[in-house]
Amino acid sequence: MDLPYKTLKGMQDIVPPDIFLWQEVEQTARRIFSSFGFQEIRPPVLEATSIFSRSIGEQTDIVEKEMYSFIDKGGRNVSLRPEGTASVVRSYVEHNLHTLPSPQKFYYFGPMFRYERPQSGRLRQFYQIGVEAFADPHAGMDAEVIAMLARFLAAIGIRDISFQINSIGCDRCRPGYREALLTFFAGKKEDLCPDCIRRYDRNPLRILDCKVDRCREMRRGAPRITDHICEACRTHFEKLQELLSVLDVVFTVNAEMVRGLDYYTGTTFEVAGQGLGAQNAIAAGGRYDRLVAEFGGPDTPAIGFAIGMERLVGLLKQAAPVSVPAPDAFIVALGEAAAIEGLRIACRLRDSGRWVELGNAGSSLKSQMRRAGRLAARYAFILGADELRSGEVRWKDLADASQGLVRLSDIEGFLAGRC
Ligand code: HAM
């Protein structure tokens, strides 16, 4: 139908029944992340543009092409956040959270905005669940963060996950690796794709990540970062691998994995989902040990990741249909007096956390029962003049059609024993 108003391209509503899956995923994340000592943080969606260009990198795709930036009414250059890390770092520094006992660990949920070419699994407004842990430089923290992600994915039913991990080195070893790459690609530069020709001068590591066939071909035999990292980075990376094995996290080392954001140092990782097509990274992250200092805070190492909610929910929906919640009770009220008593009972049950629906007292028994069936209510309670007199109400189990009588005052206890 040609409606006058629709969502913008690359943006979508999240409506029932999918929303139930989203809520379940978010609840599981809260539960698991809290058990690892992470606390929620909620930075604003709109920030100064410089926060992102500075941290993600002026020459990255996100900053060059994908930001929703505009000048606000006060003449400030602002952007809808394309990711959460920069905002959390800004907040950590702004609120002196580094003065609290270390490590400080945060998680966040929320929409991110990137003006990308929309396709399956790639949106312009998408949601992330992210975590950031500050002030622990040890490989143990990298392992804990990755293990937490693995546990979360297992808890929501994502099977057969494998992490790809890499170390992209630090300020000491990356310049040498960069030089080695420049030397390797020097004679072939003109044959690279136009994006990689630009990358050659700006960020040659990203040539390793290019999806264009001829660039893939040309990088065969390129120097590997893992052969160029310094002793400290190597020890850290080896310790991480040892700890991941101890924690039963399945991983492979992918020396070609370089992330599309400039702030990373040392450990980087990604998790891909099966059957998602080209946009298959469901979560990704890494260390960013320089960023807090760049934002004016004390020298503070940090690590985090973000999960793409739409991709995750896409995977879950492939595995099983969304289970839609149903009311515990449906009160069929026949007549005015029953409607009033039904309302009273419903409110009492709702006070104890039950989901209760009320029939329309003006409708027939049959039509109210039909509605109870459509809602897949667990039990129907049929309340008419006779029941009000006797103080007993008829219950019906809508799943197996069994039925019986229960005292009006006992409905709460009746449900407590059954659902
Ligand atoms: P990222 O790799 O840019 O990292 O995004 C993380 C995840 O967000 C991706 O793996 C993907 O699942 C999802 N995602 C990204 N772009 C889109 C899109 N256009 N449509 C749908 N889903 C998308 C970051 O954002 C870093 N801040 C992660 C991080 C946290 N690193 C350290 N701490």
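Just so you know, residue 1 is the first one in the sequence shown, and it goes up from there. Remember, it's 1-based here, ligands and their atoms both numbered in the order they're listed. Predicted model only: the values in this text are computed from it and were never measured.
Closest approach of L97 and F106 over heavy atoms only: CD1-CZ, 3.6 Å. Considering all non-hydrogen atoms of both residues, V88 and P43 come closest at CG2-CG, 4.1 Å. Closest heavy-atom contact between E58 and E64: O-CG, 3.4 Å.
The protein heavy atom nearest to atom 5 (O) of ligand 1 is Q128 NE2, 3.2 Å. Ranking protein heavy atoms by distance to atom 33 (N) of ligand 1, first place goes to E132 OE1, 2.8 Å. For atom 2 (O) of ligand 1, the nearest non-hydrogen atom of the protein is R259 NH2, 2.8 Å. Here the heavy atom of the protein found nearest to atom 14 (N) of ligand 1 is F126 CE1, 3.5 Å. Counting protein heavy atoms only, atom 13 (C) of ligand 1 is closest to G308 CA, 3.6 Å.
For the pair L123 and ligand 1, the shortest N or O to N or O distance falls below 3.5 Å. The shortest N or O to N or O distance between E310 and ligand 1 is not under 3.5 Å. Taking only nitrogen or oxygen atoms, main chain and side chain alike, R122 does not reach within less than 3.5 Å of ligand 1. Ligand 1 has no N or O atom lying under 3.5 Å from any N or O atom of Y288, backbone or side chain. Backbone and side-chain nitrogen or oxygen atoms of G285 are examined, and none is located within less than 3.5 angstrom of a nitrogen or oxygen of ligand 1. Residue contacts with ligand 1: E83 is placed with a nitrogen or oxygen under 3.5 Å of a nitrogen or oxygen of the ligand (distance criterion only).
Side-chain polar atoms of Q368 and R371 form no donor-acceptor pair below 3.5 angstrom. In summary, the side chains of E294 and S55 do not present any donor paired with an acceptor at a separation below 3.5 Å, with no hydrogens or angles considered. Side-chain polar atoms of D142 and T267 form a donor-acceptor pair below 3.5 angstrom. Judged purely by distance below 3.5 Å, without hydrogens or angles, the side chains of S87 and E47 pair a donor atom with an acceptor atom.
Residue contacts with ligand 1: G130 is excluded, as none of its non-hydrogen atoms falls under 4.0 Å. Every heavy atom of M112 sits 4.0 Å or more from the atoms of ligand 1.
Taking the six-membered ring wherever Trp is involved, the centroid distance between the rings of Y115 and Y68 falls below 6.0 Å. If you look at Y127 and F109, their ring centroids are not closer than 6.0 Å. Between F414 and F381, a ring centre-to-centre spacing shorter than 6.0 Å is recorded.
Between F269 and F163, the ring planes are tilted. Angles from 30° to 60° get that label.
Each of the following atoms of ligand 1 lies closer than 4.0 Å to a heavy atom of E116: 16 (N), 18 (C), 19 (N). Residue A281 approaches ligand 1 through these ligand atoms, each under 4.0 Å from one of its heavy atoms: 9 (C), 10 (O), 11 (C), 12 (O). Applying the 4.0 Å criterion to heavy atoms of G121 picks out, from ligand 1, the atoms 20 (N), 21 (C), 22 (N). Against a heavy-atom cut-off of under 4.0 Å, Y263 is close to the following atoms of ligand 1: 26 (C), 27 (N), 31 (N). Interface of Y264 with ligand 1, defined as ligand atoms under 4.0 Å from a residue heavy atom, comprises 26 (C), 28 (C), 29 (C), 31 (N), 32 (C).
Neither the backbone nor the side chain of Y115 has a heavy atom within less than 4.0 Å of ligand 1. Of the heavy atoms in R124, none comes closer than 4.0 Å to ligand 1. For I282, every heavy-atom contact with ligand 1 shorter than 4.0 Å involves the backbone, none the side chain. Neither the backbone nor the side chain of E270 has a heavy atom within less than 4.0 Å of ligand 1. When heavy-atom distances to ligand 1 are checked against a 4.0 Å cut-off, F305 comes that close only through its backbone atoms N, CA, C and O. Contacts between P82 and ligand 1 below 4.0 angstrom, taking non-hydrogen atoms only, are absent altogether.
Salt-bridge check for E310 with K317: failed, with every basic side-chain N at 4.0 Å or more from each acidic carboxylate O.
Counting only heavy atoms from C-beta outward, the side chains of V89 and Y288 approach each other to under 4.5 Å.
At least one test fails for R378 against the ring of W355: distance under 6.0 Å to the centre or angle within 45° of the axis.
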